[in-house]
Amino acid sequence: MSAQPLFTPPPRSLARDPARSFQDMILTLHDFWSAEAGCVILQPYDMRMGAGTFHTATTLRALGPEPWNAAFVQPCRRPTDGRYGENPNRLQHYYQYQVILKPSPSDIQELYLKSLAAIGIDPLAHDIRFVEDDWESPTLGAWGLGWEVWCDGMEVTQFTYFQQMGGFDCKPVAGELTYGLERLAMYIQGVDNVYDLAFNSAGVTYGEVFLENERQMSKWNFEVANTDALFDLFAKAEAECRNALSAGVPIAAYEQAVEASHVFNLLQARGVISVQERASYMGRVRDLARSSCEAYAEKMAPEWQAKYPGWSLV
Amino acid sequence: MADFLLELRCEEIPARMQPKAKEDLARLFTDALAKAGLTAETVEAFATPRRLALIAKGLPLATEAVSEETKGPKVGAPPQALEGFLRKVGLAADQLVERDGAYFAVVEKPGRATADVLAETIPAVVRTFPWPKSMRWGAGSITTESLRWVRPLSGIIALLDGAVVPCEVDGIVSGRTTMGHRFHHSGPVEIADAGAYVETLRAAHVIVHFSERCALIREGAARAAAEAGLTLVADEGLVIENAGLTEWPVPLLGSFDEAFLDVPPEVIQLTARVNQKYFVCEDSAGKLANAFVCTANIEPRDASVVVDGNRKVLAARLSDARFFWEQDQKTPLAVHAEKLSRITFHEKLGTVADKVERVAKLARWLCEENIVVPAKAGTALAQSAKSKTIPASAGMTNEQLADLAEQAARLAKADLVTEMVGEFPELQGLMGGYYAAKEGLPQEVAEAIRDHYKPVGQGDDVPTAPVTVAVSLADKLDTLVGFFVIDEKPTGSKDPFALRRAALGNLASIQQNGLRLSLFKCFDFAAKLIVDQNPQIKSRLAELGEASFGIAASENMPLSKNYADQVAFEIEQIGIELLAFFADRLKVQQREAGVRHDLIDAVFALGGEDDLVRLLARVHALQAFVGTEDGTNLLAGYKRAANILKKEGYEGPTGTPDPQVLASLKQGNDTIPDTGEEDPLAMVDDPDVGDILAAEARGNAELSYTPEPAEKALIDALDAAAPRAAAAVEAEQFADAMAALATLRAPIDRFFEEVTVNAEEAHKRAARLALLARFRDAVHRVADFSRIEG
């Protein structure tokens, strides 16, 4: 079998060792997407959220006709996934690497595979597969088609072509890549426990950075958080979202929807929302998020139409 | 003749869509060409994750020239008519042909080059392709009008005898270039012609035949297992799925930590299959082995790297599963069951805990009523229907059985709130069974929890263990009655709560176990449990009942005191509907066994029959009988008699179950219904009643004139046959009942031959009509022959 390398990894600068350092993997991805796709490299959204998709650089920027290429790390909070630092694979706080490319470039799959090569995954040594996985977020009124990308049977990336966001057709369609950074790093570094990951090349482990955090936050999520205060926060976020909407500042409204969504997740972790109430709370969050997206799109539509004659929101 | 190749290359097509897409492509293409007048000798379609392709061999190079003749106006028609015609056909007057006094326009349509037809067909096929889900992409998606495809379409090859058929779809221009394997081949691949397609791509590490990839996986996986001294657990669904995920499939064997084998094998298999699309293996003893086979899409530099990666993923999954397995066992099922009160079964029917409460009572009742009896459930069949004796061999009393059934029912749904079933809903029942066994609950209870959903579909095992039968029957009865009570019945193709399947499940269980039960009584008991639990349903039924009451009263329907309770009235209506629903399912089910639906109708139409075992025995005997010459002729005689009676205004026996009869059935035999529907000899065993009925029967036969010989023969035959048939029916000796009816065949034939029913003397006429009515009714007691076709 001819086994010529398909992708030549870019020359490694002295500082980058993605195969042995979590932060170098992130920096390599930043370098890659900045150089290869002209992405703006953003910093994480400064709010607690369940997935990188909630970042306004993804949701709100997926709306409208303007090109938009961005890449960023987003810390994700999943209170119910907390395991008090005792499970080698599950965390209540972890990182996603998000890339959003609008319109989706025709070579997006090749770019993605090159990015894997850049962080040390050779596609002739590892079995890379694109396995159907459609994405839907009723909360955001959004859906898309795509895949979960497998590396030797492990899901390492969610790859989605957004078709709708906030209930509107995406015109044009954006391609979204979400890398699960910890599991990817565990794979590349060959460790079985997330806390054993090398965070940098100077001997600091992921556990040293986050283990105590996981212990305390798991306890707070599951046992401590004042549920009355949480219910109150939810109600306040909901009210503030409405307030912002009526004042015509949908980005601020959207932030409150994100807040409400996270507070709801905390209430879930505290086990104080019954099955019956659950559907109702989810409906309320969905309502906030969709209303905010809609208001944003409608507010921006005249500007977009002016720049792109013939384009219309619906 | 020419060969044509079409390849539509795109990003990874979902595996599950490929088999149908292949067929759709062949069909759409063949149809489109046929419309243009082209037929290929062979059409073959291919699908891989990254391409759909088609090769049509033996295409003509052009369509045939056709001459189209259009008839115009008559010679001598007004000039305007002729002008109009010329405009329409686009010819001058001197180009028309004159024949039979009319003008004809003959337009010669030359044949079209096949390449031109193809150039039009390809974009049309692409644009109308029926993907289950399709999407937009790229810069073109700035409008919603842009091309839709399953995933971004990136290239088109269209070659007719090696020449590119030029065409374009949404900016994608046809050519001869494709891509090989994503990783094993770099750079474009040029295809010379259709004949070279398969092999050129094979050289580029793509196996385009779906079936060839399936074979490679099937055989490769089996070989990999065999080399390790194991046997692959065959799974054709997985073969097909993996063939849809690979262009160059390479099955690889791996193993996982033996310690995981503590987890039930079903859980391991499901984890491997559903999450990872891996095959599992068995050892020589047929036990699940700690090995798996994954299917890579590359020939890896070092297979152990790929295998090891897959092993780790599986290990993580299995440790989740083991965590669930261990975690779930820390809580007894009874404690898990408490959480069922948080799960809604249906908004109108309450929580799952409410359902469990009802099912537990119903399961107990089924045992206490001797519907389900200890020991082998089938034993009851051999016994008389009325027998209340318990098989001595059982070693369990009815009370013990009832206790176990109730216990199992109370725990049967507890696994729904376990972590494992939360992760793998398809393991419901099975996990509960495992947990019950681990907890040390009685084996009968564990089995009942495990199997109470059965039978899930046709061909699934039907439970036979008495405790399981009771819980399974009760669970499905409660579901059926519940949804009928809240008026959520299946309509047409819609059956969101799978009620048809539930009814079929109960039918199978009743038949296989020979369960003797009155469905009405069961419906009634189940409905009362629901009503007692749910005041809202009760008040709604009462309202409905009141409305029905009003209607019934206004139609002067005789309403006995039994209907005073409006709720009970509605429950009975629901019972009638449910029985009809069961009857329909029974017909569907029995059709496959070759039983005629009209014969089922003929027995159901008698009304009051809600014992399916008895009903089927009767139907089987009837089917055997109507297949005989006697049966056919008796049926003809019955129809003739019925017609005469109908013409003479003789009241016919009614076909649908009478609510009063149903009511009396429900209440046991403490009232004697007088609807004429019931078998008057039903109680011949009872010495008090038997004599009275026999005297009545004789009385009917007394005549004021000397009957003709054929008339007398029929009377005598009826005197003999009617009680015999009735007694046989009562004893459930249906073949004997049919034999009794068979003795009427000659006399009724002779009667019609020799006796004038429509006699001049009124009293003779009346008597003969009465005799025919007696004949009809005697036959009718065995089955409603008017429902029998032919």
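Just so we're on the same page: letters track the sequence lines, and every chain starts at 1.
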Value for CG (A:D192) from OG (B:S319), rounded to nearest 0.5 Å, stands at 10.0 Å
Side chains of A:E132 and B:E12, heavy atoms from C-beta outward: is any pair under 4.5 Å? no
Provide the closest heavy-atom pair for B:G138 versus A:S104 in the form atom of the first, atom of the second, distance. N-OG, 2.8 Å
Main chain of A:Q109, side chain of B:E11: is a donor-acceptor contact present, judged purely on distance under 3.5 Å? no
To the nearest 0.5 angstrom, please state how far the CG atom of B:N297 sits from the CD1 atom of A:I128. 10.5 Å
Check ion pair B:D320-A:R90 (N to O, under 4.0 angstrom): yes
Taking side chain as everything from C-beta outward and backbone as N, CA, C, O, which of these in B:T295 sits under 4.5 Å from a heavy atom of chain A? Side chain, backbone, both or neither. backbone
When rounded to the nearest 0.5 Å, the distance separating CG of A:L124 from CZ of B:R182 is 13.0 Å
Hey, can you pull the donor-acceptor pairs under 3.5 Å for the side chains in residues 143-152 of chain B, sequence neighbours left out?
| unit_1 | atom_1 | unit_2 | atom_2 | d |
| --- | --- | --- | --- | --- |
| B:T143 | OG1 | B:E145 | N | 2.9 |
| B:S146 | OG | B:T143 | O | 3.3 |
| B:R148 | NE | B:S134 | OG | 3.2 |
| B:R148 | NH2 | B:S134 | O | 3.2 |
| B:R151 | NH2 | A:D134 | OD1 | 3.2 |
| B:R151 | NH2 | A:G146 | O | 2.8 |

CG/B:L153 to OG/A:S106 distance, rounded to the nearest 0.5 angstrom? 12.0 Å
Should A:W150 and B:K277 count as side-chain neighbours, where that means a heavy-atom distance under 4.5 Å? yes
Whether over 12 other heavy atoms sit under 6.0 Å from B:E168 CD: yes
Looking at side-chain heavy atoms only, is the closest gap between A:H126 and B:I298 below 4.5 Å? no
Heavy-atom contact with chain B under 4.5 Å, split by part of A:F130: both
Is chain B contacted by the side chain of A:D169, its backbone, both, or neither, given a heavy-atom distance below 4.5 Å? both
Donor-acceptor contact below 3.5 Å, side chain B:S141 vs main chain A:K171: no
CD-CG distance between B:E299 and A:D127, expressed to the nearest 0.5 angstrom: 12.0 Å
Among B:V313, B:V306, B:T246, which has the most heavy-atom pairs under 4.5 Å with chain A? B:V306
Of all heavy-atom pairs between B:F183 and A:L113, which one has the smallest distance, and what is that distance? CE2-CD1, 3.8 Å
What option among B:Q276, B:R311, B:R136 has the most heavy-atom pairs under 4.5 Å with chain A? B:R136
Should the pair A:D152-B:K312 be classified as a salt bridge under the 4.0 Å nitrogen-to-oxygen rule? no
Provide the closest heavy-atom pair for B:I142 versus A:P65 in the form atom of the first, atom of the second, distance. CD1-CB, 3.8 Å
